[in-house]
Amino acid sequence: MINIPKGTKDVLPSQSYKWQYVENTAREVARVFNLKEIRTPVFEHTELFTRGVGDTTDVVNKEMYTFEDKGGRSVTLKPEGTAGAARLFIENGLASSPMPVKTYYITPCFRYERPQAGRLREFHQFGMEIFGAESFTQDAEVILAASSFLEKLGVRTRLEINSIGCKTCRAEYNAALRKYFAPHLDGMCPACRARFGKNPLRMLDCKEEACKKIAAAAPAITDYLCADCADHFAGLKNLLTAQGVEYTVNPRIVRGLDYYTKTVFEFVSDAIGAQGTVCGGGRYDGLLEELGASPLPAIGFAAGIERLLLLMENTSAAFPEDGKPLIYVAGLDDACRAEAFKTVCFLRSKGIAAETDHTGRSVKAQFKYADKLGVKFVAVIGGDELASGEIKIKNMSSGEQTAVKCADIYAYLTKE
Ligand code: HAM
């Protein structure tokens, strides 16, 4: 027996309708917000992520599925969707399109993490990436899109927002962080000591208890924002309030990826354990330039589908019913089964979900099976029906039986 790799999950036939529901909801939100789907490869050149996501992040340092292909190139299974979307935007010359370019994706992602509830090695994201709009109204729109998606799924989360500033204010903030952390370095983990020189902001995101304690009293970025970033953040907050979106400002949110500037946000739940962030995102005005293109502002988010499903299940959110065939056509003997098969083929060609037997069940067993399938109607074809050209159709909920001419079945099934 070969088992599934650790940290991955099968989607079973009895469960896939839940995935489809979440994905269809995502596509519907994307439609009303006027976003177009993009699809990027599952693997990219490793450098895209080391440069894009950043080499001081855990994602790049510890979690990437990186390997050499047979041509000796280093490739990496995408750990997230933003870097690939930015590459797609640049490589395909989308910068010459009218701005903003509004995109979304539903994609598998891969991170070599320690699996636990809501944390997998292969997981799926619904994400949005919007290129070319600088205004805080764009930030508000992206947050509203995420919020509308979560609301449509019936999940309750809290929205936490922050601004982590731009190049200008970040320099001053980094200096303040270094001043604060310098006397504590001996009590911090080796990773934080490395972050101190390269990117002290990352020290606020460390999971080590000792580091967390020290970081708790570090200066807050919101006290260091430049006038432009402060105005941007204030504009966003006003707009969210005007739209009735509840949020709290959490100056500790720095996000786990290096490309963020200005606005960052997370939708968090307490109902799914330690991995409570179901959706996270923010602005990344420096990423395109970092990847070698002309500078262009951008913003986006991604929601983890597995975490959302876990949250929906833990909070008994309503899923729509799984699809069922409308009719089961049973046959008594071989000749009748052949007729049942023909009838089912005809109904399917008309777009009706129909089922029949392929395992030689008795009529009684076919009825039992049809009942399990949850069909609305069962039609039985026996010798009499063959001779008369009429089929008896039973309505499974009312028990009512109706004789219907073979030629009229479709009309009968679609009459309501
Ligand atoms: P992220 O916060 O790393 O951001 O991931 C986004 C979401 O993916 C998380 O909130 C979580 O729901 C889900 N997720 C992340 N890692 C795992 C995992 N190991 N197992 C299950 N679910 C997971 C990004 O990936 C950014 N690219 C989001 C973004 C888009 N920012 C701007 N545009």
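Whatever order the structure lists them in is the order used to number ligands and atoms, beginning at 1. As the structure is a prediction and not an experimental result, all values here were calculated from the model. FYI, side chains are in, hydrogens and waters are out, and symmetry mates aren't considered; it's all heavy atoms of this structure.
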(Q) Using the rule salt bridge (charged side-chain N to carboxylate O under 4.0 Å, His left out), only one of Asp55, Asp205, Asp258, Asp58 pairs with Arg195; which is it? (A)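 It is Asp58, the one option of Asp55, Asp205, Asp258, Asp58 that forms the salt bridge (charged side-chain N to carboxylate O under 4.0 Å, His left out) with Arg195.
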
Q.
Main chain of His45, side chain of Arg73: is a donor-acceptor contact present, judged purely on distance under 3.5 Å?
A.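 Here the side-chain-to-backbone pair does not exist.
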
**Q.** Nearest heavy atoms of Arg170 and Ile164, plus distance in Å
**A.**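 That closest heavy-atom pairing would be NE-O, 2.8 Å.
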
Q. Looking only at heavy atoms, which two atoms of Thr356 and Tyr328 are closest? And how far apart?
A.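 Looks like C-OH, 3.6 Å.
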
Q.
Using 0.5 Å steps for rounding, measure from the OG1 atom of Thr343 to the OH atom of Tyr410.
A.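 Reported value, rounded in 0.5 Å steps: 15.5 Å.
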
Can you list every pair where an N/O of ligand 1 is under 3.5 Å from an N/O on the protein?
residue	atom	partner	partner atom	Å
ligand 1	2 (O)	Arg255	NH1	3.1
ligand 1	2 (O)	Arg255	NH2	2.8
ligand 1	3 (O)	Arg111	NH1	3.0
ligand 1	3 (O)	Arg111	NH2	2.9
ligand 1	4 (O)	Arg255	NH2	2.9
ligand 1	5 (O)	Gln125	NE2	3.3
ligand 1	8 (O)	Gln125	NE2	3.2
ligand 1	10 (O)	Thr277	O	3.1
ligand 1	12 (O)	Thr277	O	3.1
ligand 1	12 (O)	Val278	O	3.1
ligand 1	12 (O)	Gly304	N	3.1
ligand 1	16 (N)	Arg111	NH1	3.4
ligand 1	19 (N)	Glu113	OE2	2.6
ligand 1	19 (N)	Leu120	O	2.9
ligand 1	20 (N)	Leu120	N	2.9
ligand 1	25 (O)	Arg111	NH2	3.1
ligand 1	25 (O)	Gln125	NE2	3.0
ligand 1	27 (N)	Glu80	OE1	2.6
ligand 1	27 (N)	Thr82	OG1	2.8
ligand 1	27 (N)	Tyr259	OH	2.9
ligand 1	31 (N)	Tyr260	OH	2.6
ligand 1	33 (N)	Thr82	OG1	3.2
ligand 1	33 (N)	Glu129	OE1	2.8
ligand 1	33 (N)	Glu129	OE2	3.1
ligand 1	33 (N)	Phe301	N	3.3

Q.
Using 30° and 60° as the class boundaries, would you call the ring planes of Phe265 and Phe267 parallel, tilted or perpendicular?
A.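 Judged by the thresholds at 30° and 60°, the geometry between Phe265 and Phe267 is perpendicular.
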
